[in-house]
Structure formats: C-alpha cells, structure tokens
Amino acid sequence: MALIFTFPCGGCGRRYSVYYPKALMYELSGSGTRQMGEAEDEAERASGAIEAARARAEAQGNIWVDAGVALEVRCECGKRLDVNLMHHPRVPVTKPSVLKRQTGLIPFPTVSKPARGTGG
Ligand SMILES: [Zn+2]
C-alpha cells in the first residue's frame with residue numbers, strides 16, 4: 001500500500017495529497033535502508049498503484065506532491081508547507097473501521113398529519 005496523506009494548506013485551504021515513498025520513510029524513520037524501500041517503491045510504481053492514487057487525488061482537486069522529490073512545498077498563497085512526516089508526529093491515522101460502510105435501512109420519520117378538517 002502506498003503511503004499517502006492529505007494535508008490542507010493552513011493559509012488558503014488548498015488540499016495536498018502527499019505521497020511518501022518507502023525509501024524516504026525508511027530513511028527518515030531509520031527503520032531500514034533506502035535500498036530496501038526502493039525495491040518496494042518500484043514494485044508499487046510498476047503495478048500502477050501510484051499513478052492510480054495520483055489520478056484519484058487530482059480528480060478530487062488535490063495537488064499531488066511526491067515527498068521523495070521535495071519535503072517542502074510552497075503553496076500558491078505563499079505559505080510554506082512542511083510535508084516531512086517526521087515533523088508531524090501526530091498525523092491523523094485513518095481508522096479502517098470508520099471507513100466501513102454502514103448497511104441497513106434508515107427509517108424515514110413518519111409524519112402523521114392530523115386530518116381534522118372541518119367538513120364544509
Ligand atoms: Zn495555501
């Protein structure tokens with residue numbers, strides 16, 4: 001799974017979808033070597049997962065950023081956006097359980113109008 005986070009710009013609210021290649025994550029976190037990540041990144045790129053994610057983000061009007069290329073983005077509004085995950089220890093993690101679609105029928109509220117017309 002490609003690691004992609006969406007950040008809104010604090011200045012203007014433009015949304016940025018930031019892709020974090022594994023090579024970068026391993027390097028930043030120190031949990032592995034860049035070479036380890038590069039193999040995984042290659043496999044993901046080859047499978048088309050990255051392009052698909054990019055197309056999806058852009059379809060939503062988000063601006064695509066590859067954190068492997070730049071860890072800092074300059075927004076059109078002039079604000080500097082630091083997309084280095086290591087500087088954001090509290091990145092909201094999407095809980096899969098929240099995304100689970102709820103099934104079931106939503107009962108319509110029954111509105112009962114009192115039919116009390118005076119016959120005339
Ligand atoms: Zn902005």
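Nothing fancy with the numbering, it's 1 onward along the sequence. Side-chain atoms are counted along with the backbone in the values below, which use heavy atoms only and exclude waters and symmetry mates.
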Listed pairs under 3.5 Å, donor-acceptor, residues 39-46 side chains, sequence neighbours left out:
from	atom 1	to	atom 2	distance (Å)
Glu40	OE2	Tyr26	OH	3.0
Asp41	OD1	Lys22	N	2.7
Asp41	OD2	Lys22	N	3.2
Asp41	OD2	Ala23	N	3.0
Glu42	OE2	Arg45	NH1	3.3
Glu44	OE2	Met1	N	3.2
Glu44	OE2	Ala2	N	3.1
Glu44	OE2	Lys22	NZ	3.2

> Can you tell me if CD on Gln35 sees more than 12 non-hydrogen neighbours from other groups inside 6.0 Å?
Replying inline: yes
> Do the ring planes of Phe7 and Tyr20 sit parallel (below 30°), tilted (30 to 60°) or perpendicular (above 60°)?
Replying inline: perpendicular
Any side-chain heavy-atom pair from [X] and [Y] closer than 4.5 angstrom?
X	Y	answer
Tyr19	Val65	no
Arg14	Cys75	yes
Ser29	Met86	yes
Leu85	Met25	yes
Arg15	Ile63	no

Could you pull out every donor-acceptor pair under 3.5 Å between side chains of residues 49-62 and any protein atom, sequence neighbours left out?
from	atom 1	to	atom 2	distance (Å)
Arg54	NE	Glu58	OE2	3.3
Asn62	ND2	Ser17	OG	3.0

Answer yes if [X] and [Y] sit in the same cluster of Ile, Leu, Val, Met, Phe, Trp and Tyr residues linked by side chain heavy atoms under 4.5 Å apart, and no otherwise.
X	Y	result
Phe5	Leu28	yes
Val18	Trp64	no
Leu3	Leu81	yes

> Can you tell me how far the OG atom of Ser31 sits from the CE atom of Met36, to the nearest 0.5 Å?
Replying inline: 6.5 Å
> To the nearest 0.5 Å, what is the distance between CZ (Arg34) and CG (Leu24)?
Replying inline: 6.5 Å
> Shortest non-hydrogen contact from Gly13 to Pro8?
Replying inline: O-CB, 4.4 Å
>> Looking at every non-hydrogen atom in both residues, tell me the closest pair between Gly68 and Pro21 and how far apart they are.
In response: N-CD, 3.6 Å
>> So, using side chain to side chain contact (heavy atoms under 4.5 Å, CB included) as the criterion, who are the partners of Asp82 when residues are at least two apart?
In response: Asn84, His87, His88
